[in-house]
Amino acid sequence: MKRILFIAVLALASMSAIAKDIHTIVLTPNPGLRCHNCEAKVTEQLRYVKGVKRIAASAETQTITVTIDLDKSGVQVLLDNLKKIGYDATVASDTPATRADMPVQPKPKAQKMKKGAATTCTEGGSCCEK
């Protein structure tokens, strides 16, 4: 009897792991990301959105790539959070995530800015002042 119960619990646990709706969303921000400060600001804003597994913001490619469990949160939540910090973003692609998209290590802790550190964009813009 215990063996049957154990197998049933194991089967349910494996089905719940399979049932996750994890996607990799690529967003294009407007205005574009200009520097490392912009990347950090976007990453910090999205890191606490429920269901977010991984975030990669790139000023070089002008994209924000987010791996997210859509059962816990939606794309509109990501867009709304970006709008709070001054970015209108559009969805460039939305694909089911693969194992390679899943994080291998825990999310890094945010680095605190040193007192008196520059908060303006290193490219001369005002993108990081908000």
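For clarity, every value in this text was computed on a predicted model and none was experimentally measured. Hydrogens, waters and symmetry mates play no part in the numbers below; they use all other heavy atoms, side chains included.
In this structure, CD in Glu44 is found 9.5 Å from CD1 in Ile85, a value given to the nearest 0.5 Å. Interatomic distance, OH of Tyr87 versus CG of Leu79, reported as 14.5 Å (0.5 Å rounding). Expressed to the nearest 0.5 Å, how far CD1 of Ile64 lies from CG of Leu27 amounts to 5.5 Å. Rounding to the nearest 0.5 Å gives a distance of 5.0 Å between NE2 of His23 and CG of Leu70.
Annotation: side chain to side chain donor-acceptor pair (under 3.5 Å) contacts of Ser93 (sequence neighbours excluded): none. In this view, Ala40 satisfies the side-chain contact (heavy atoms from CB on, under 4.5 Å) rule with no residue, not counting sequence neighbours. Scanning for salt bridge (charged side-chain N to carboxylate O under 4.0 Å, His left out) contacts around Lys83 gives Asp88, with sequence neighbours left out. Take Glu39 and apply the side chain to side chain donor-acceptor pair (under 3.5 Å) test, not counting sequence neighbours, and it matches no residue. Residues satisfying the side chain to side chain donor-acceptor pair (under 3.5 Å) test with Asp69, not counting sequence neighbours, are none. The side chain to side chain donor-acceptor pair (under 3.5 Å) search around Thr63 returns Thr61, not counting sequence neighbours.
In terms of hydrophobic clustering, with Ile, Leu, Val, Met, Phe, Trp and Tyr side chains grouped at heavy-atom distances under 4.5 Å, Val77 and Val26 are assigned to different clusters.
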Leu82 vs Leu46, side chain to side chain contact (heavy atoms under 4.5 Å, CB included): CA-CA, chis, key distance, verdict: CA-CA 8 Å; Leu82 289 171; Leu46 297 179; 4.1 Å; yes
Side chain to side chain contact (heavy atoms under 4.5 Å, CB included) between Val42 and Gln45, worked out: CA-CA 5 Å; Val42 166; Gln45 183 68 22; 5.8 Å; no
Evaluation steps, side chain to side chain contact (heavy atoms under 4.5 Å, CB included), between Thr90 and Asn30: CA-CA 8 Å; Thr90 56; Asn30 183 23; over 6 Å; no
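Remark: the backbone N or O of Ala59 is paired with a side-chain donor or acceptor of Gln62 at under 3.5 angstrom.
When all heavy atoms of Gly74 and Ile68 are compared, the pair lying nearest together is O-CD1, 4.4 Å. Nearest heavy atoms, Asp71 versus Lys20: OD2-CA, 3.7 Å.
Inter-residue side-chain proximity for Leu78 and Val52 is flagged as met; some heavy-atom pair is nearer than 4.5 Å.
Thr67 pairs in a side chain to side chain contact (heavy atoms under 4.5 Å, CB included) with only one of the listed residues (Thr24, Ile25, Ile55), which is Thr24.
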